[in-house]
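Since the structure comes first, as structure tokens, the remarks are kept for the end.
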Amino acid sequence: QVQLVESGGGLVQSGGSLRLSCAASGRRFFGNAMGWFRQAPGKERDFVATISWTNDRVYYADSVKGRFTISRDIAKNTVYLQMNSLKPEDTAVYYCAARAGVATSVNANEYNYWGQGTQVTVSS
């Protein structure tokens, strides 16, 4: 059974930092693009960042560009999201996801596996 387990969420003050981790188990995500999405209460699930299998393609939502960094450790089967200069509007449940394909995507519908989410709350 494939599992993606996020960790690292929590409460932080505006301007602070958090590092989210997403560990995969049940299979190695060999050749899969990975992504991070987030969902605030009452809103749609939004794209945050994505990274290709080869780590040479990364894309970010405009709202997080320059503040967030996605990375992956293939040997550890883990993807990370470093979040700096956090703002109250970054408050959401953050989900990691894996695609069956190698290419990146900003479309949640193109991801096949999802974690359970981790709450990030940024206070003003």
Side-chain angles (χ1 to χ4, degrees):
Q1 183 178 354
V2 175
Q3 278 193 313
L4 297 175
V5 180
E6 301 98 334
S7 61
L11 173 64
V12 64
Q13 288 189 330
S14 181
S17 298
L18 285 173
R19 188 193 194 204
L20 305 183
S21 298
C22 172
S25 63
R27 59 160 284 183
R28 294 198 66 83
F29 284 95
F30 196 88
N32 301 88
M34 305 287 290
W36 286 95
F37 292 77
R38 66 186 182 186
Q39 188 167 19
K43 295 190 175 182
E44 300 280 322
R45 187 170 296 190
D46 291 331
F47 165 74
V48 175
T50 180
I51 186 167
S52 65
W53 161 246
T54 53
N55 289 343
D56 62 346
R57 293 285 186 271
V58 294
Y59 295 102
Y60 298 95
D62 287 343
S63 59
V64 307
K65 205 172 291 183
R67 300 187 298 122
F68 291 11
T69 303
I70 188 171
S71 62
R72 69 190 298 174
D73 186 326
I74 294 171
K76 294 182 178 179
N77 220 19
T78 300
V79 64
Y80 305 96
L81 186 68
Q82 177 67 43
M83 305 185 296
N84 299 327
S85 302
L86 282 162
K87 305 174 182 180
E89 51 264 44
D90 294 319
T91 295
V93 177
Y94 283 70
Y95 299 89
C96 76
R99 290 197 69 208
V102 300
T104 56
S105 174
V106 302
N107 187 344
N109 292 333
E110 295 184 1
Y111 287 78
N112 305 91
Y113 304 97
W114 289 86
Q116 83 290 348
T118 185
Q119 176 70 47
V120 171
T121 303
V122 184
S123 63
S124 56

Check: What distance separates I70 CD1 from M34 CE, expressed to the nearest 0.5 Å?
Finding: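 Separation between the atoms: 8.0 Å.
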
Next item on the list: To the nearest 0.5 angstrom, please state how far the CG atom of N107 sits from the CZ atom of F37.
Entry: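 N107 CG to F37 CZ: 7.0 Å, rounded to 0.5 Å.
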
Is there a side-chain contact between [X] and [Y] (heavy atoms, below 4.5 Å)?
X	Y	result
V58	T104	no
R99	T50	no
L20	V120	yes
R45	W114	yes
T69	Y60	yes
D73	Y80	yes
L81	R38	no
D90	M83	no

Item checked: Nearest atoms (heavy-atom pairs only) where A103 meets A33 -> O-CB, 3.1 Å

Next item on the list: Of all the heavy-atom pairs spanning A92 and A40, show the shortest one and how long it is.
Entry: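 Shortest heavy-atom separation between A92 and A40 comes out as CB-N, 3.8 Å.
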
Notebook entry, point to check: Would Y95 and V48 satisfy side-chain contact (heavy atoms from CB on, under 4.5 Å), going step by step from the backbone distance to the final call?
Noted result: CA-CA 9 Å; Y95 299 89; V48 175; over 6 Å; no

Next item on the list: Kindly assign one of parallel, tilted or perpendicular to the pair Y94 and F68, based on the angle between their ring planes and the thresholds 30° and 60°.
Entry: tilted

Item checked: Expected output: side-chain Y111 to main-chain S105 donor-acceptor under 3.5 Å -> yes

Next item on the list: May I ask you to decide if Q116's main-chain N or O and E6's side chain share a donor-acceptor pair within less than 3.5 Å?
Entry: yes

Next item on the list: Among N77, I51, T78, find the one that has a side-chain contact (heavy atoms from CB on, under 4.5 Å) with R72.
Entry: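 The option that passes is I51.
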
